[in-house]
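Heavy-atom basis, side chains included; hydrogens, waters and symmetry copies ignored.
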Amino acid sequence: MPIEIIHAPGALRQKADALRKQGKTIGIVPTMGALHEGHGSLFDHARKGCDTLIVSIFVNPIQFNQASDLANYPRTWDADLDLCGRAGVDIVYAPSVENMYPEGFQSKLCLGPITQPMEGAGRPGHFDGVATVVSKLFNASMAHFAWFGEKDFQQLKMITQMVKDMDMGVEIIPVPTVREADGLALSSRNRRLSQGERQNALGLSRCLRAMVAAAQKGEQQSASLLALGRQELANYPGVTLEYLEIVDAATLQTIDRLNNKARILIAAAVGPVRLIDNIDISL
């Protein structure tokens with residue numbers, strides 16, 4: 001069957017209400033478009049886990065800190081619909097900015113400590129924008145389940161916390177990061193990298209892997225592992241490190257020594273493109 005495209009929140013909620021009355025389970029994968037095979041993996045997992053799969057495509061202006069970043073974010077509507085079709089998506093929800101934030105809109109969700117380090121420190125207000133749009137997507141879709149990639153690990157933890165705190169009744173299901181054969185994490189931003197920048201971008205995943213390899217050989221002190229990671233990253237010119245942290249995966253607070261929930265998170269600029277990545281380094 002052809003994909004049903006819905007633009008208005010009220011229309012989506014009406015559709016979702018009818019599906020629920022029929023006993024159907026609803027799943028949603030929120031996206032900002034510029035879809036790639038990482039999204040395809042999310043769709044494949046989601047397709048198996050619900051009766052009706054909704055994919056939202058909405059470039060959310062209130063989560064961008066820089067107007068230029070918003071303006072440069074790729075819009076690939078036809079290709080996005082093609083990928084959704086191949087993945088068996090039932091409904092594409094593509095609201096306009098005016099649909100989502102009509103005149104007079106003034107409410108935002110603001111979460112606590114889990115949003116403050118790393119991405120939150122470098123991008124003030126970013127997670128408020130993410131939380132606000134995701135809560136609106138959950139409300140309109142009336143979803144039972146939602147799938148999010150582990151590549152945006154802090155976002156995943158923030159949304160999980162939000163759902164718990166606000167009694168939203170949506171089950172959040174994480175999906176492992178999808179990588180290119182050389183290790184680069186798939187991202188919509190990768191298409192903005194030049195050939196040389198693409199090679200330098202490998203420094204992020206190789207930095208993480210070097211740290212994991214050292215941990216597997218017995219190194220457990222965060223300071224030593226972080227020094228090794230920075231040393232590895234120095235081999236890749238044009239990469240400007242923003243943060244490299246070892247944290248407890250449950251709280252996102254930094255830890256001095258590895259534990260059974262340890263995770264490394266990294267953000268860096270490769271030329272003009274900001275990239276993030278992370279990996280499990282737990283004992």
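Under the 4.0 Å criterion applied to side-chain N and carboxylate O atoms, Lys108 and Asp128 are not assigned as salt-bridge partners. One finds no salt bridge joining Arg257 and Glu219 here, because no Lys/Arg side-chain nitrogen approaches an Asp/Glu carboxylate oxygen to under 4.0 Å. By the 4.0 Å N-to-carboxylate-O rule, Asp182 lies too far from Arg206 to be salt-bridged with it. With respect to Asp44 and Arg86, no salt bridge is recorded, no charged nitrogen being found less than 4.0 Å from a carboxylate O.
Residue pairs meeting the ring-ring contact (aromatic ring centres under 6.0 Å, His included) criterion with at least one partner in residues 94-120, sequence neighbours excluded, are Tyr101-Phe105. Annotation: side chain to side chain donor-acceptor pair (under 3.5 Å) contacts involving residues 111-121, sequence neighbours excluded, comprise Glu119-Arg123, Glu119-Tyr243, Glu119-Arg274. Applying the ring-ring contact (aromatic ring centres under 6.0 Å, His included) test to pairs two or more places apart or on separate chains, those with a residue in residues 39-61 are His36-His39.
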Under 3.5 Å, sequence neighbours excluded: what are the donor-acceptor pairs made by side chains of residues 4-12?
from	atom 1	to	atom 2	distance (Å)
Glu4	OE1	Lys15	NZ	3.2
His7	ND1	Ala94	O	2.8

Under 3.5 Å, which donor-acceptor pairs do the side chains of residues 221-231 form with other protein atoms, sequence neighbours left out?
from	atom 1	to	atom 2	distance (Å)
Ser222	OG	Ile255	O	2.7
Ser222	OG	Asp256	O	3.3

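A continuous path of ILVMFWY side-chain contacts below 4.5 Å connects Val170 to Leu156, so both sit in one hydrophobic cluster. Cluster membership check: Leu53 does not share its hydrophobic cluster with Leu19, using side-chain heavy-atom separations under 4.5 Å among Ile, Leu, Val, Met, Phe, Trp and Tyr. One hydrophobic cluster holds both Leu42 and Ile173 under the rule that ILVMFWY side chains link at heavy-atom gaps under 4.5 Å. Hydrophobic clustering of Ile, Leu, Val, Met, Phe, Trp and Tyr side chains at less than 4.5 Å, counting indirect connections, keeps Leu137 apart from Val29. No path of Ile, Leu, Val, Met, Phe, Trp and Tyr side chains, each step under 4.5 Å between heavy atoms, connects Val92 with Met100, placing them in separate hydrophobic clusters.
Every residue two or more places apart in sequence or in another chain that forms a salt bridge (Lys or Arg N to Asp or Glu O under 4.0 Å) with Arg47 is listed here: Asp90. Scored by the side-chain contact (heavy atoms from CB on, under 4.5 Å) test, Ser282 finds Asp280 as partners (sequence neighbours excluded). Partners of Arg209 under the side-chain contact (heavy atoms from CB on, under 4.5 Å) rule, at least two apart in sequence or in another chain, are Arg179. Residues forming a side chain to side chain donor-acceptor pair (under 3.5 Å) with Glu245 (at least two apart in sequence, or on another chain): none. Evaluation of the side chain to side chain donor-acceptor pair (under 3.5 Å) rule for Thr76 yields Asp80 as partners, not counting sequence neighbours. By the side chain to side chain donor-acceptor pair (under 3.5 Å) test, Glu232 is found to be paired with no residue, residues two or more places apart in sequence or in another chain being considered.
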(request) Given side-chain contact (heavy atoms from CB on, under 4.5 Å), test Leu275 with Ile266 step by step and report yes or no. (result) CA-CA 8 Å; Leu275 300 176; Ile266 186 173; over 6 Å; no
(request) Walk me through it: do Asn259 and Asp248 pass the test side-chain contact (heavy atoms from CB on, under 4.5 Å)? (result) CA-CA 8 Å; Asn259 62 24; Asp248 183 295; 3.3 Å; yes
(request) Take Lys157 and Glu150, measure what salt bridge (Lys or Arg N to Asp or Glu O under 4.0 Å) needs, and give me the verdict at the end. (result) CA-CA 9 Å; Lys157 301 302 290 188; Glu150 289 186 346; over 6 Å; no
(message) Could you go through Cys50 and Trp147, starting from their C-alpha distance and side-chain angles, then the distance that decides it, and tell me whether this counts as side-chain contact (heavy atoms from CB on, under 4.5 Å)?
(response) CA-CA 11 Å; Cys50 62; Trp147 285 260; 4.3 Å; yes
(message) Under the criterion side-chain contact (heavy atoms from CB on, under 4.5 Å), I'd like the reasoning laid out for Thr52 against Thr25: C-alpha separation, chi angles, the key distance, then a yes or no.
(response) CA-CA 6 Å; Thr52 300; Thr25 56; over 6 Å; no
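Distance CG/Leu35 to CG/Asp82: 10.5 Å, rounded to 0.5 Å. Taking OG of Ser194 as the start and CZ of Arg198 as the end, the distance is 11.0 Å to the nearest 0.5 Å. In this structure, CG on Asp51 lies 9.0 Å from CD1 on Ile26, to the nearest 0.5 angstrom. If you take CD1 on Ile279 and CD1 on Ile246, they are separated by 11.5 Å, rounding to the nearest 0.5 Å. Summarising the geometry, atom NE2 belonging to His126 is positioned 7.5 Å from atom CG belonging to Asn65; distances are rounded to the nearest 0.5 Å. Here Phe127 contributes atom CZ and Gln155 contributes atom CD; the two are 6.5 Å apart, rounded to the nearest 0.5 Å.
Among all heavy-atom pairs drawn from Gly129 and Asn60, the shortest one is O-ND2, 3.1 Å. Nearest heavy-atom pair across Met168 and Ser135 is CE-CB, 3.6 Å. Closest heavy-atom contact between Ala34 and Ser188: O-OG, 2.9 Å. Listed here is the closest heavy atom pair of Ile114 and Ala250: CD1-O, 4.2 Å. The shortest non-hydrogen separation linking Ile91 to Val89 is O-CG1, 3.4 Å. Shown here for Leu186 and Gly38, the closest heavy-atom pair between the two residues is CD1-N, 3.3 Å.
Ile172 has its side chain within reach of Phe138: a pair of non-hydrogen atoms, C-beta onward, lies under 4.5 Å apart. Looking at Ile54 and Met142, their side chains never come closer than 4.5 Å, going by heavy atoms from C-beta outward. Residues Met118 and Val247 are in side-chain contact: their nearest non-hydrogen atoms beyond the backbone lie under 4.5 Å apart. Val55 is not listed as a side-chain neighbour of Ile28, based on a closest heavy-atom distance of 4.5 Å or more. Taking the side chain as every heavy atom from C-beta outward, Ile276 and Leu265 never approach each other to under 4.5 Å. A heavy-atom distance below 4.5 Å is found between the side chains of Ile281 and Leu258. Side-chain contact between Asp17 and Gln22 is absent, with no heavy-atom pair separated by less than 4.5 Å. A 4.5 Å side-chain heavy-atom check between Cys207 and Tyr236 finds every atom pair outside the cut-off.
Looking only at atom types and distance, the side chain of Asn200 has no donor-acceptor partner in the side chain of Glu197 under 3.5 Å away.
Side-chain contacts under 4.5 Å among hydrophobic residues (ILVMFWY), followed directly or transitively, place Leu70 together with Met32, Val59, Phe64, Tyr73.
Heavy atoms from other residues, nucleotides or ligands lying under 6.0 Å from CD of Gln66 number 12 at most.
Remark: side-chain polar atoms of Thr132 are paired, donor with acceptor, to backbone N or O of Leu109 under 3.5 angstrom.
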